[in-house]
Amino acid sequence: MDAVDATVEKLRAQCLSRGASGIQGLARFFRRLDRDKSRSLDARELQGGLAELGLALDMAEAEGVCKRWDRDGSGTLDLEEFLRALRPPMSQAREAVIAAAFAKLDRSGDGVVTVDDLQGVYSGRAHPKVRSGQWTEEEVLRRFLDNFDSSEKDGQVTLAEFQDYYSGVSASVDTDEEFVAMMTSAWRL
């Protein structure tokens, strides 16, 4: 393992130690680091941000991390590249059950889950806030969907966002059998 891999492994471990919200928390952290609002990190922003997390990098190391995960050739690390690099690897069994749950939600089959898709699968009528008149059923479904959405709550969840959410959950479940059983039960697969 080279120095860049070791740096990313440390960051991944810190992120996942925060549980299911670790990757999503990192997205929030990323927005704070992105001082110039470019939706990307240069080596200086990355170095400063990692220092806040207790990971000291010199400039050469920060540049190495940016270079390694710069998939679009921009010289910077964008949010999707950064999260993709940090997502822990999952077994085929875990990826398959996550994909099956996503497919159940994605009724239109277009690769994006929206409130319209959820309305075909779930009902929010029994939610206490719907019953009290505070929220509409659509609001309940939108808030449910927001749990899986990236930092930009656009009302659309992609498979990558769904996987990002479950990568944190996956890291806290010891065996594939337990993870598959949990997903199968939760999503009634």
| said: Show, in sequence, the C-alpha distance, side-chain angles and deciding distance for Val112 and Val157, and conclude whether the side-chain contact (heavy atoms from CB on, under 4.5 Å) test is met. | reply: CA-CA 5 Å; Val112 177; Val157 174; over 6 Å; no

| Do Met182 and Val169 pass the side-chain contact (heavy atoms from CB on, under 4.5 Å) test, and can you show the C-alpha distance, the side-chain angles, and the key distance before you say yes or no? | CA-CA 10 Å; Met182 176 203 67; Val169 175; 3.7 Å; yes

Quick one: pull up [atom1] in [X] and [atom2] in [Y] and give me the separation to the nearest 0.5 Å.
{"X": "Cys66", "Y": "Leu41", "atom1": "SG", "atom2": "CG", "value": "6.5 Å"}
{"X": "Leu189", "Y": "Ile98", "atom1": "CG", "atom2": "CD1", "value": "11.0 Å"}
{"X": "Phe179", "Y": "Asp174", "atom1": "CZ", "atom2": "CG", "value": "12.5 Å"}
{"X": "His127", "Y": "Leu141", "atom1": "NE2", "atom2": "CG", "value": "10.0 Å"}

| At their closest point, which heavy atom of Gly111 faces which heavy atom of Phe102, and how far apart are they? | O-CZ, 3.5 Å

| request: Could you walk me through whether Asp2 and Arg68 pass the side-chain contact (heavy atoms from CB on, under 4.5 Å) test, one step at a time? | output: CA-CA 11 Å; Asp2 68 15; Arg68 173 81 54 90; 2.3 Å; yes

| field | Donor-acceptor contact below 3.5 Å, side chain Asp70 vs main chain Gly75 | value | yes

| query | Hey, does the side chain of Thr184 reach the backbone of Ala181 with a donor-acceptor pair shorter than 3.5 angstrom? | reply |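 No; zero donor-acceptor contacts below 3.5 Å.
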
All N/O donor-acceptor pairs, side-chain side in residues 52-63, below 3.5 Å, sequence neighbours left out:
residue: Glu52; atom: OE1; partner: Arg32; partner atom: NH2; Å: 2.8
residue: Asp58; atom: OD1; partner: Ala60; partner atom: N; Å: 3.1
residue: Asp58; atom: OD1; partner: Glu61; partner atom: N; Å: 2.8
residue: Glu61; atom: OE1; partner: Asp58; partner atom: N; Å: 2.9

| request: Given side-chain contact (heavy atoms from CB on, under 4.5 Å), test Phe162 with Val113 step by step and report yes or no. | output: CA-CA 9 Å; Phe162 202 67; Val113 176; over 6 Å; no

| said: Could you work out, with ring pair (Phe, Tyr, Trp, His ring centres under 6.0 Å) as the rule, every residue matching Phe144, not counting sequence neighbours? | reply: Phe148

| field | Distance-only donor-acceptor check, side chains Asp42 and Ser40, under 3.5 Å | value | no

| task | Kindly state each residue pair satisfying salt bridge (charged side-chain N to carboxylate O under 4.0 Å, His left out) with at least one member in residues 110-122, sequence neighbours excluded. | result |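 Listed by first then second residue: nothing to list.
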
| Under the salt bridge (charged side-chain N to carboxylate O under 4.0 Å, His left out) rule, what pairs show up with a residue in residues 123-139, not counting sequence neighbours? | Arg125-Glu137

| side chain to side chain donor-acceptor pair (under 3.5 Å): which pairs involve residues 93-105, sequence neighbours left out? |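 Listed by first then second residue: Arg94-Ser170, Arg94-Asp176.
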
| Is the shortest heavy-atom distance from the side chain of Tyr166 to the side chain of Val97 under 4.5 Å? |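 No. Closest side-chain heavy atoms not under 4.5 Å.
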
| note | Connected to Val130, directly or through other members, by ILVMFWY side-chain contacts below 4.5 Å are Trp135, Val140

